Amino acid sequence: MRLYNEYQKTSLKNPAVIVDCNHYNSGKKYKEQIRIAKEILHSRNYDPRLKELVKGLMIESYLEEGRQDICETMIPGKSITDPCLGWEDTEQLILEIYEKC
C-alpha cells in the first residue's frame, strides 16, 4: 500500500504497477512465481485500491521449465538465461488468472 499512497500524492491520471513474480520476489526460485501470482490475485480481489493499481504480472515462462547452459546438447525451448516456468504450469496459471480477474 505504500506505493499506492505515494501515487496518491501525484497528479498521475492512471497510476499503474506491473508486478514481477520472478527475480527478487521469488528469490529466483521460478516455481514460486505460481504462489506469488496467486497471492497478488487474492490481494487485488480483496482490496479495490490494489485492483485499480495492479494492471499486470510479469512471469518468466518458456516451453520447457528451468534453464540450461549453452552446450552441444541443448534442449530446444529451454531458457539459457533465467529459470522459467514450463508451458504446462504457465497455461494453468494463465487460466487461473483469467478466472480470478
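Worth saying up front: this structure is predicted, and the values here are computed from it rather than measured.
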I'd like to check the side-chain contact (heavy atoms from CB on, under 4.5 Å) partners of Ser26; sequence neighbours left out, ordered by chain and number.
Asn22, Glu32, Ile36
Can you tell me how far apart CG (Asp47) and OH (Tyr4) are? Round to the nearest 0.5 Å.
8.0 Å
Taking only residues at least two apart or on different chains, which pairs with a member in residues 88-98 satisfy salt bridge (charged side-chain N to carboxylate O under 4.0 Å, His left out)?
Lys31-Asp89, Lys38-Glu96, Glu96-Lys100
Leu12 and Val17: same hydrophobic cluster, using ILVMFWY side-chain contacts below 4.5 Å?
yes
Among residues at least two apart in sequence or on other chains, which ones pass salt bridge (Lys or Arg N to Asp or Glu O under 4.0 Å) with Lys13?
none
Linking I/L/V/M/F/W/Y whenever any side-chain heavy atoms sit under 4.5 Å apart, do Leu3 and Val54 land together?
yes
Contact between Gln33 and Ser61 at the side-chain level, heavy atoms closer than 4.5 Å - yes or no?
no
Using a 3.5 Å distance criterion without hydrogens, assess whether the side chain of Arg67 forms a donor-acceptor pair with backbone atoms of Pro83.
no
Could you list the residues that satisfy salt bridge (Lys or Arg N to Asp or Glu O under 4.0 Å) with Asp82, not counting sequence neighbours?
Lys28
Gln8 CD: over 12 foreign heavy atoms closer than 6.0 Å
yes
So how far is it from Asn25 CG to Leu57 CG, rounded to the nearest 0.5 Å?
10.5 Å
Just how far is it from atom CD1 of Ile97 to atom CD of Gln92, taken to the nearest 0.5 Å?
11.0 Å
Once rounded to the nearest 0.5 Å, what's the spacing between atom CD of Glu39 and atom SG of Cys21?
10.0 Å
Taking the side chain as every heavy atom from C-beta outward, state whether Thr90 and Ile34 have any atom pair closer than 4.5 Å.
no
Reported CD-to-OG distance for the pair Glu64 and Ser79, which is rounded to 0.5 angstrom
11.5 Å
Would you please test Glu6 and Lys9 for salt bridge (Lys or Arg N to Asp or Glu O under 4.0 Å) and show each step?
CA-CA 5 Å; Glu6 289 300 317; Lys9 297 175 188 175; 3.0 Å; yes
When rounded to the nearest 0.5 Å, the distance separating CG of Leu63 from SG of Cys84 is 10.0 Å
Within a reach of under 6.0 Å around NZ of Lys29, are more than 12 heavy atoms found that belong to other residues, nucleotides or ligands?
no
Who are the salt bridge (Lys or Arg N to Asp or Glu O under 4.0 Å) partners of Glu99, not counting sequence neighbours?
none
Would you call Tyr30 and Glu60 a side-chain contact if the rule is heavy atoms closer than 4.5 Å?
no
Under 4.5 Å between any side-chain heavy atoms of Pro15 and Thr10, yes or no?
no
Heavy atoms only: give me the nearest Met58-Ile18 pair and the separation to one decimal.
N-CG2, 4.0 Å
Name all residues meeting the side-chain contact (heavy atoms from CB on, under 4.5 Å) criterion together with Gln68; count only those two or more places apart in sequence or in a different chain, and write none if there are none.
Met74, Ile75, Lys78, Ile80
Co-membership, hydrophobic cluster, residues Trp87 and Leu93, 4.5 Å side-chain
no
